[in-house]
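Notes to accompany the following structure.
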Amino acid sequence: MTGSGLPALLLTGGTGQVGRALLEAPPKGFEVVAPSRADLDLADPAALEGWVASRPWAAVVNAGAWTAVDAAESSAPEAWAANARGPAALAKASAAAAIPMVHLSTDYVFDGGSDRPYLEDDPVGPVSVYGASKAAGELAVAALNPRHVILRTAWVFSPWGTNFVRTMLRLGETREALSVVADQRGCPTSALDIAAAVGAACRRLAGPDPSPSGVFHFVNGGETTWFGLASRVFERAAASGRKVPALTPIASSDWPTPVRRPANSRLDTARFTGTFGLSPRPWTEAADEVVDRLLRPADEERAGA
Ligand SMILES: NC(=O)c1ccc[n+]([C@@H]2O[C@H](COP(=O)([O-])OP(=O)(O)OC[C@H]3O[C@@H](n4cnc5c(N)ncnc54)[C@H](OP(=O)(O)O)[C@@H]3O)[C@@H](O)[C@H]2O)c1
C-alpha cells in the first residue's frame, strides 16, 4: 500500500506512450508510481533493485524500452542494456521480493515471414538489433521471475510521443500528397487499450487465484497496412473539416530504412482474450478515438474535455 491506500504498481517508461496511458488511466484498484528515467534507468541494475525492494509493489510493469528501431543498429550496447539486461535485473529483483512482473514486448521478435497472424509459441527469429534485444529481454523475464506476463504488441499509436498517427496528421498539415507503404500488414494498437490490457494482467497476477504466466499477444482487432491506417486517419480528419493530402500506396522497397520492416506484423490475440476475458476492440475504433483527441482544440484537451 502507498499514500492512496491502493496497492501500487511500479512502472518504468512513464514518459512513453504506454506509460502515459497507464498514468492517465491507472488500472482500477491500483496506484501507479512511475519514477523518472533519471531515478530509474533500465541501464542501472542497482537503481532497479533499489526501487523494486523499496515497497511491497503489487506488480512491476516494464513499459520502458529502447524503441528507436533504426537507431538501435548503431547503438546496440544501449539497446541491449535497456531491452535485455534491464528487464533481466527487474525480473530477478521482483522475483526475489515475490512480486509479479508485466513486461511489454514486440512483433519485432519475429522475422515477419509468416503468412498468418503469429501465435505466442511460434519460434522467434529477430532480424534487427531491436528485435534481438527484445527477444533476449523476454527470455530473461521468463527465466528469472516465474510470475510474469509478457505482453507482445505492435504498431502502437497514442496521443503522445512519436507514432505513425501523429506523424500523418503533422505531415498532412503541410503536404498536398503523401506516399505510404502498402505491403506490410499489421494490427494498429492504441496505447490506451494496451494500458487496459496491462491492468487486466496486473489484476490477475496480484489477485488471490493462481495466475497465468507466459507470453500473450495483445493488439487491436482486425488488420491493415500502413496505407490503410493513413487512409483511416485522413478520412476521420476530413470528416472534421481538415484539409487532407492525396495518398499514394507504395512498396516497402520504395521506402528503404536501415532495418527491414516485417512484412507480417499480425499477432493472434486468442490466448490473451481466453485468459484475461478482454476482447480487443477494432483498430478503426481505437484510431478514430485518438485522431479525434489529437484534432481537439488544445484548450479542450488540456481541460480534459
Ligand atoms: N511503439 C511501438 O510501435 C511498439 C510496438 C510494439 C511493442 N512496443 C513495446 O511496447 C513498450 C512501450 O512502447 P512505447 O511505444 O510506449 O515506447 P516509447 O513511447 O518509445 O517510450 C519508451 C519509454 O522507455 C523509456 N526508456 C528508454 N530507455 C530507458 C532506460 N534506459 N531507462 C529507463 N527508461 C527508458 C523512455 O524514457 P524517455 O522518455 O526518457 O526516453 C520512455 O518512457 C516497449 O516495450 C516497446 O518495445 C512498442
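Order of appearance sets the numbers: ligands from 1, and atoms from 1 within every ligand. Since this is a predicted model, take the numbers as computed values, not measurements.
The nearest heavy-atom contact from the protein to atom 48 (C) of ligand 1 is V156 CG2, 3.8 Å. The shortest contact between atom 19 (O) of ligand 1 and any protein heavy atom is with Q17 N, 2.9 Å. The nearest protein atom to atom 21 (O) of ligand 1, hydrogens excluded, is given as G16 CA, 3.2 Å; this is a heavy-atom distance. Atom 47 (O) of ligand 1 has Y130 OH, 2.7 Å as its closest protein atom, hydrogens excluded (heavy atom only). Protein heavy atom closest to atom 20 (O) of ligand 1, with residue, atom name and distance, is T67 OG1, 2.5 Å. Considering only non-hydrogen protein atoms, atom 37 (O) of ligand 1 sits nearest to T15 OG1, 3.3 Å. Of the protein's non-hydrogen atoms, the one nearest atom 32 (N) of ligand 1 is L42 N, 2.7 Å. The single protein non-hydrogen atom nearest to atom 10 (O) of ligand 1 is L104 CB, 3.8 Å, given as residue, atom name and distance.
Take F164 and apply the ring pair (Phe, Tyr, Trp, His ring centres under 6.0 Å) test, not counting sequence neighbours, and it matches W226. The ring pair (Phe, Tyr, Trp, His ring centres under 6.0 Å) search around F272 returns F218, F276, not counting sequence neighbours.
The shortest distance between side-chain heavy atoms of D44 and R37 does not fall below 4.5 Å. Residues T225 and D183 form no side-chain contact, since every pair of their non-hydrogen atoms from C-beta on lies 4.5 Å or further apart.
Every N/O-N/O distance between G19 and ligand 1 stays at or above 3.5 Å. Looking at ligand 1, you won't find any N or O of T106 less than 3.5 Å from one of its N or O atoms. Of the polar atoms of K134, at least one N or O is found under 3.5 Å from an N or O of ligand 1, judged by distance alone. Considering both main-chain and side-chain atoms, A63 never comes within under 3.5 Å of ligand 1 through any nitrogen or oxygen pair. Of the polar atoms of W66, none of the N or O atoms is found under 3.5 Å from an N or O of ligand 1, judged by distance alone. When only interatomic distances are considered, the shortest N/O to N/O separation between D41 and ligand 1 falls below 3.5 Å.
The closest approach between a heavy atom of N83 and any atom of ligand 1 is not below 4.0 Å. Using a 4.0 Å heavy-atom cutoff, F164 is absent from the residues neighbouring ligand 1.
For D268 and H217, the side-chain atoms include no donor-acceptor pair closer than 3.5 Å. Side-chain atoms of R147 and N145 include no donor-acceptor pair closer than 3.5 Å.
For R20 (side chain) and G161 (main-chain N/O), no donor-acceptor pair under 3.5 Å exists by modelled atom type. Under a 3.5 Å cut-off, the side chain of S75 and the backbone N or O of A72 do not form any donor-acceptor pair. Counting only distance, with no hydrogens or angles, the side chain of W66 and the backbone of A68 share a donor-acceptor pair below 3.5 Å. For the pair T189 (side chain) and C187 (backbone), a donor-acceptor distance under 3.5 Å is present.
Smallest separation of non-hydrogen atoms from G131 and P126: C-CB, 3.4 Å.
Evaluated by nearest non-hydrogen atom to atom 27 (C) of ligand 1, the leading choice among A65, A191, A82, G64 is A65. For atom 28 (N) of ligand 1, the choice among E78, R85, R37 with the nearest heavy atom turns out to be R37.
In the vicinity of T153, heavy-atom distances shorter than 4.0 Å reach the ligand 1 atoms 6 (C), 7 (C). Atoms of ligand 1 lying under 4.0 Å from any heavy atom of V18, numbered from 1 in the order shown and given with element: 12 (C), 16 (O).
Of the options R116, R271, R152, R266, a salt bridge (Lys or Arg N to Asp or Glu O under 4.0 Å) to D122 is made by R116 and by none of the others. Checked against Y108 for a side chain to side chain contact (heavy atoms under 4.5 Å, CB included), the options S128, S133, S265 give a single hit: S128.
Using a 4.0 Å cut-off between heavy atoms, S105 contacts ligand 1 through its backbone alone, with no side-chain atom that close. Residue-level proximity to ligand 1 for N62 is absent, since no heavy atom of it falls below 4.0 angstrom. With a 4.0 Å heavy-atom cut-off, ligand 1 is reached by no atom of F218.
By the 4.0 Å N-to-carboxylate-O rule, D111 lies too far from R260 to be salt-bridged with it.
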